[in-house]
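As the structure lists them, so they are numbered: ligands from 1, and atoms in each ligand from 1. We number each residue from 1, following the sequence as shown.
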Amino acid sequence: MKTPIPDYLDEVLDSLRNDTSGNTAQYIPELAQANPDLFALSVTTATGSTYSAGDHLEEFTIQSISKPFAYAAAIMDRGLDRVLRSVGVEASGEAFNELSLEEGTHRPKNPMINAGAIMTHGLLVAEDASTEDRVARVLELFSQLAGRELRIDESVYASEMETADRNLATAHMLRSYGILGTDAHEVVSGYTRQCSILVTVEDLSLMSATLANGGVQPRTLERVLSEGIAQQVMSVMAVAGMYDGAGDWLTRVGIPAKSGVAGGLVGVLPDQVGIGAFSPRLDAHGNSQRAGRAFERLSTDMGLHLFAPSSGQLDVVDVHQEATREIFVLQGNVQFTAASELLDLMAASTSRTAVLVDISRVYSFTTVARRMALEGLRRLRLDGRRVFLNDPLQVLANPDLGDGTYPETP
Ligand code: GLN
């Protein structure tokens, strides 16, 4: 049997091919000349399976899709507090290249608009790092995220530098407010190189699947980012990834995303998938027209909206009575909601003698759910019952009830 997912992705591309609205990025000469008909889509699951369709081997420059990943690098290098002092996390509601800063602090509003991304690039590595060091830093991180060695398109870089007046003005403005310490030309040169890194849609889907997977690259299994940084990056993408169209995008499509002027689009759904799409014609906001529509289809057809209520998933606790014991059976990934359901059921427990919590079909507990389950067992025992835990896979490694004692094994 052949998995039907690539056929489905092909069908999505075919259904949108006749949409030729919009135009390639005109302000960067090399990008203006791109073949406007290219169209590709790639989905990588958080477990590392990739499905691709269309021109998925075609390389294009990452452009603004570099911004969330460079932001991750800056947080790793300098710490979140330091980064937040120079770049905010608020929606800007403005175009990507708007020359605007937050009132009072003069920070760029977020790292997704150019002002914030240029500032973020300037924070990379260390205060006194060279442009080469900063570019090498993003190239290295992006390669780890994609799981292959990436390179820079020098002609797109040179072409963009010829018309980089707006970005240079932005960097000078940041310097004039004392926010940016680095030389304006150097930082724009480094940032533009960062934007000129070549990727395919598969690279993009793997990079974002790493975010979806909490920072572990799902194919190389390397921990590239901490969970906290992955969470920070996905949050900022949801708030500001689509610039002035961010609210419309999040409500309609519901996939935190980031676009680039070469026509790329990356999206992420925590714990589920990373998605990459590519089509060079852009809409009025500078986002790829057909890639955006492909995301819309995926969201509707595959139920990928971040806030789509998923029925049934919370129902992971079952309780029944056996001769002398009351048995609580849990399954799947136990989070706060399932753990609170368990505690409610324990509170209503009718057994006077013994309870058994069976987690043989649980594959993970969140930290808080683990604490809740153990606290429930501790309280039942304080109430005078024997407590048993069936945990053959040791998902609750070291189930200390908080007082140095352990539940009995069944
Ligand atoms: N390099 C581009 C710029 O700075 C990136 C913009 C984008 O992709 N939206 O103008």
Relative to the heavy atoms of [X], which atoms of ligand 1 are at a distance of less than 4.0 Å?
{"X": "Asn167", "answer": "3 (C), 4 (O), 10 (O)"}
{"X": "Cys195", "answer": "1 (N)"}
{"X": "Gly260", "answer": "8 (O)"}
{"X": "Phe96", "answer": "6 (C), 9 (N), 10 (O)"}

Identify whether the distance between the nearest side-chain nitrogen and carboxylate oxygen of [X] and [Y] falls below 4.0 Å.
{"X": "Glu375", "Y": "Arg379", "answer": "yes"}
{"X": "Arg107", "Y": "Glu102", "answer": "yes"}
{"X": "Arg193", "Y": "Glu160", "answer": "no"}
{"X": "Asp37", "Y": "Arg281", "answer": "yes"}

Exercise for review: Have a look at ligand 1 and work out which part of Arg166, if any, has a heavy atom under 4.0 Å from it: side chain, backbone, both or neither.
Suggested key: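 Within the 4.0 Å criterion, Arg166 makes no contact with ligand 1.
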Review point. Just heavy atoms, cut-off under 4.0 Å: does Asn114 contact ligand 1 by side chain, backbone, both, or neither?
Key: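 It is the side chain that gets close, since no backbone atom is under 4.0 Å.
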Point to revise | Polar proximity ligand 1 side, Tyr191 side, N/O cut 3.5 Å exclusive | key: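 Between Tyr191 and ligand 1, an N or O pair is found under 3.5 Å apart.
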Check your understanding: For the side-chain contact (heavy atoms from CB on, under 4.5 Å) test, which of Ile62, Val268, Val266 pairs with Lys258?
Key ->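 Testing Lys258 for a side-chain contact (heavy atoms from CB on, under 4.5 Å) against Ile62, Val268, Val266 leaves exactly one candidate, Val266.
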